[in-house]
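I have placed the structure first, in the form of structure tokens, so that the comments after it can refer back to it.
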Number of protein chains: 2
Amino acid sequence: MTVSRVVNNSRLVSASTRERVERAMESVGYIPNSIARSLVQKRTGVLALLVSDITHTWFTQLGHEVEGAAAAAGYLLVFGNTDENELTEREYAEKLSSLHVDGVLLAPASRESRETIELLQRRGIPVVLIDREVEGVELDIARGESYTPAIELTDHLIAHGHTRLGIVAGPDHVWTAQERVRGFKAALRRRGLPVPRRFVRHAQLTRSGGAEEARKLLASEDPPSAILAGNSYLAAGIVDVARERGLRIPEDLALVTFDDSEGPSEWAFYSCYEQPARAIGAAALRFLLDRLAGDRSGARRAVLRGDVRLRSSCGCLGAAPPQDHRQ
Amino acid sequence: MTVSRVVNNSRLVSASTRERVERAMESVGYIPNSIARSLVQKRTGVLALLVSDITHTWFTQLGHEVEGAAAAAGYLLVFGNTDENELTEREYAEKLSSLHVDGVLLAPASRESRETIELLQRRGIPVVLIDREVEGVELDIARGESYTPAIELTDHLIAHGHTRLGIVAGPDHVWTAQERVRGFKAALRRRGLPVPRRFVRHAQLTRSGGAEEARKLLASEDPPSAILAGNSYLAAGIVDVARERGLRIPEDLALVTFDDSEGPSEWAFYSCYEQPARAIGAAALRFLLDRLAGDRSGARRAVLRGDVRLRSSCGCLGAAPPQDHRQ
DNA sequence: ATGAAAGCGCTAACAC
DNA sequence: GTGTTAGCGCTTTCAT
């Protein structure tokens, strides 16, 4: 029909016809079926952002940024939550690919997410990685740093006079967790400090996961006096356990962490390295839009630098908050 | 083709044929195009959750719950963020409706979101409301309470001896904000306490929005000695301002709020009424799945009760945390 | 400038 | 059991 012409406002329609058609559409309450359109055009105008934990503010802040930029470019952004799970991730990829989303931003659940990515690519869907590298995959990626900041944070703890240091990082299959552990070990070695195996813990990336490993860390007879946490949720879990055991932070246990928590916390407590979520999201989307516009050049990599914020938990400032009264 | 039969594993295919077809699919790397399938089946297997602020943990926790239950029912959940904005909301509705999502869970941006809803319904897409009522709309809804808890929280502040109370609620067009203000006023009136107009503030639902209105509240010569905050972000903004002005909480300013913040905060500070996000999400999804299964009965309403948690910010327990050192 | 017709990849209905 | 056909709602040629 020529109705299509007016919907897509081709200029090859007379004003009279256009008006006539538009009136008709109004009266019937016509809404174009873009699913049919997609079938023939092979594009949907939908982009997907797959994160590994949607309840983590870091990801939603990144997503918020991406969403705005995507909307400006005429795309709708949908969020998917892989729950740090490779299988869920693959299911999403399958569903999204057969729904023909135009592009995917992926924070890979595992450094073995190659299969997910290949699935998407086989379908011709451009993928841009976020936050985490994937082994053996050469793809556009926007991420922060992990190795260097881990060294800096560890050095800072050492500068505070600590010699028995531990780390509670994310799962071993998560790229950033590995990198942070690598940096932690490198810093200790460089100073000639020991790196006891049992002081390097991998936890689920949740508060309770952090608590669980912190418990193991602090249970030993001569526990670390300072801990590097892989992210703010892990840090919170560590604080929970310190409280359980009557340890004051930073007096009895110093703590530094990755990621600033931008939630409604009433005061800023954690000394941390803040990964620039919004900037990473923006960079990733830019890569994706370029691909969508036909860019076929080699893989690009944006590595964004964040800030170290020194506050109370490491011992730099003030005292610890009073005892918890969480119900 | 009979290929369709094996893909949808109808039992009317011989094992031999099935195997033959499957091998063929393997070798070609065939992935079914569910967009074409949707075109004829008029279902996509996709549900959408439209929230007004994806960076707010309350919504993502709710979403996380919904997602799990949706997956169990064979649906993929996508998240959309309306940014507390009616226009964005309508754009999402248009796009999603023409993409033929099977159902929508909507936390309406405004109590005037009727248009969005009608758009969806005209397309035959079942809608279930979350968290907020919409004027003149009779629809399935799962929400918490606002009026009664607002009374309880206000009464609690009064029990602490306060007589000059203020409220920093969300925008006037948000249903929950209105209800909370209504409860606040009712509680004061019942005790014969004054309700100065300037003590009732409506703010953008962000930390900075809360700070802005708190500033106005505390700038007057005889400011309130206690504040009810509409949610935890507003509460955080109020704390920011209290700190600016050198006011200690709860000694100089008592504070109670809606929503518990489940982030990585290192200690629980806010006295609050916790809306049961996960239960609300679960109830809403159940409604939607019922509709999807063909339920045509009248609108249902689930009103879920939450818990009051009394902690430090109202003066019930402990002292305030030390001064902030946020960089 | 407009109408007609083909076809996107699939499923449903109907033969065989 | 399996092949054939029509048609989902649109865009895109190709005529007119």
Side-chain angles (χ1 to χ4, degrees), chain A residues 1-46 74-76 93-103 119-125 292 294, chain B residues 1-46 74-76 91 93-103 119-126 292 294:
Chain A
M1 282 288 255
T2 100
V3 170
S4 169
R5 288 206 184 87
V6 12
V7 171
N8 297 281
N9 53 52
S10 141
R11 296 118 80 263
L12 310 175
V13 268
S14 67
S16 65
T17 324
R18 148 158 289 129
E19 201 184 338
R20 196 159 48 85
V21 172
E22 276 170 350
R23 239 203 317 278
M25 291 190 354
E26 278 286 311
S27 72
V28 188
Y30 173 83
I31 305 178
N33 181 337
S34 74
I35 211 169
R37 160 187 292 182
S38 310
L39 184 59
V40 25
Q41 285 196 158
K42 284 151 181 5
R43 84 182 281 290
T44 52
V46 177
Y75 287 96
L76 180 83
E94 273 170 27
K95 198 86 181 191
L96 292 173
S97 82
S98 65
L99 274 176
H100 281 225
V101 298
D102 293 339
L119 175 66
L120 258 11
Q121 290 187 311
R122 229 177 297 133
R123 263 297 202 178
I125 299 174
L292 258 15
Chain B
M1 281 289 252
T2 100
V3 169
S4 170
R5 289 204 183 88
V6 10
V7 170
N8 297 281
N9 54 53
S10 140
R11 296 119 81 264
L12 311 175
V13 269
S14 67
S16 65
T17 324
R18 149 158 289 131
E19 201 183 338
R20 194 158 48 86
V21 172
E22 275 169 351
R23 238 202 318 276
M25 291 189 354
E26 278 287 308
S27 71
V28 188
Y30 171 83
I31 305 178
N33 180 338
S34 74
I35 210 169
R37 162 188 290 183
S38 311
L39 183 60
V40 25
Q41 286 195 157
K42 283 151 179 6
R43 83 181 281 291
T44 53
V46 176
Y75 287 96
L76 180 83
E91 276 169 27
E94 272 169 27
K95 199 87 182 190
L96 291 174
S97 81
S98 66
L99 272 177
H100 281 224
V101 298
D102 293 338
L119 174 67
L120 257 11
Q121 291 187 311
R122 229 178 296 134
R123 264 298 201 175
I125 299 174
L292 257 15

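Bear in mind that the values here come from a model prediction, so they are computed numbers and not experimental data. Below, chain A is the first sequence line, B the second, and so on; all start at residue 1. Basis for what follows: all heavy atoms, side chains included, without hydrogens, waters or symmetry-related copies.
- Residues meeting the side-chain contact (heavy atoms from CB on, under 4.5 Å) test with A/R122, sequence neighbours left out: A/E118, A/L119.
- In the helix from C/dA1-D/dT16 to C/dC16-D/dG1, the terminal helix axes, each the rotation mapping four pairs' C1' atoms onto the next four within five end pairs, subtend 40°, rounded to 10°.
- In this structure B/E19 satisfies the salt bridge (Lys or Arg N to Asp or Glu O under 4.0 Å) test together with B/R23, sequence neighbours excluded.
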Report each atom pair, protein N/O against N/O of nucleotides 14-16 of chain C, whose distance is under 3.5 angstrom.
none

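- Residues that satisfy the side-chain contact (heavy atoms from CB on, under 4.5 Å) test with A/S38, not counting sequence neighbours, are A/T44, B/I35.
- Not counting sequence neighbours, the partners of B/S16 by the side-chain contact (heavy atoms from CB on, under 4.5 Å) test are B/S14.
- Nucleotide C/dG9 holds its P atom 8 Å from the NE2 atom of A/H100, rounded to whole Å.
- The minimum heavy-atom distance linking B/D102 with B/Y75 is given by the pair OD2-CE2, 3.5 Å.
- Partners of B/R18 by side-chain contact (heavy atoms from CB on, under 4.5 Å), not counting sequence neighbours, listed by chain and number: B/V6, B/N9, B/V13, B/E22.
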Between protein and nucleotides 8-10 of chain D, what N or O pairs are separated by less than 3.5 Å?
| unit_1 | atom_1 | unit_2 | atom_2 | d |
| --- | --- | --- | --- | --- |
| D/dC8 | O3' | B/K42 | NZ | 3.2 |
| D/dG9 | OP1 | B/K42 | NZ | 3.3 |
| D/dC10 | OP1 | A/Y30 | OH | 2.6 |
| D/dC10 | OP1 | A/N33 | N | 2.8 |
| D/dC10 | OP2 | A/Y30 | OH | 3.4 |

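- Between B/S97 and B/L120, the closest heavy-atom pair is CB-CD1, 3.9 Å.
- A search for side-chain hydrogen bond (donor to acceptor under 3.5 Å, both in side chains) contacts involving A/S27 returns nothing, not counting sequence neighbours.
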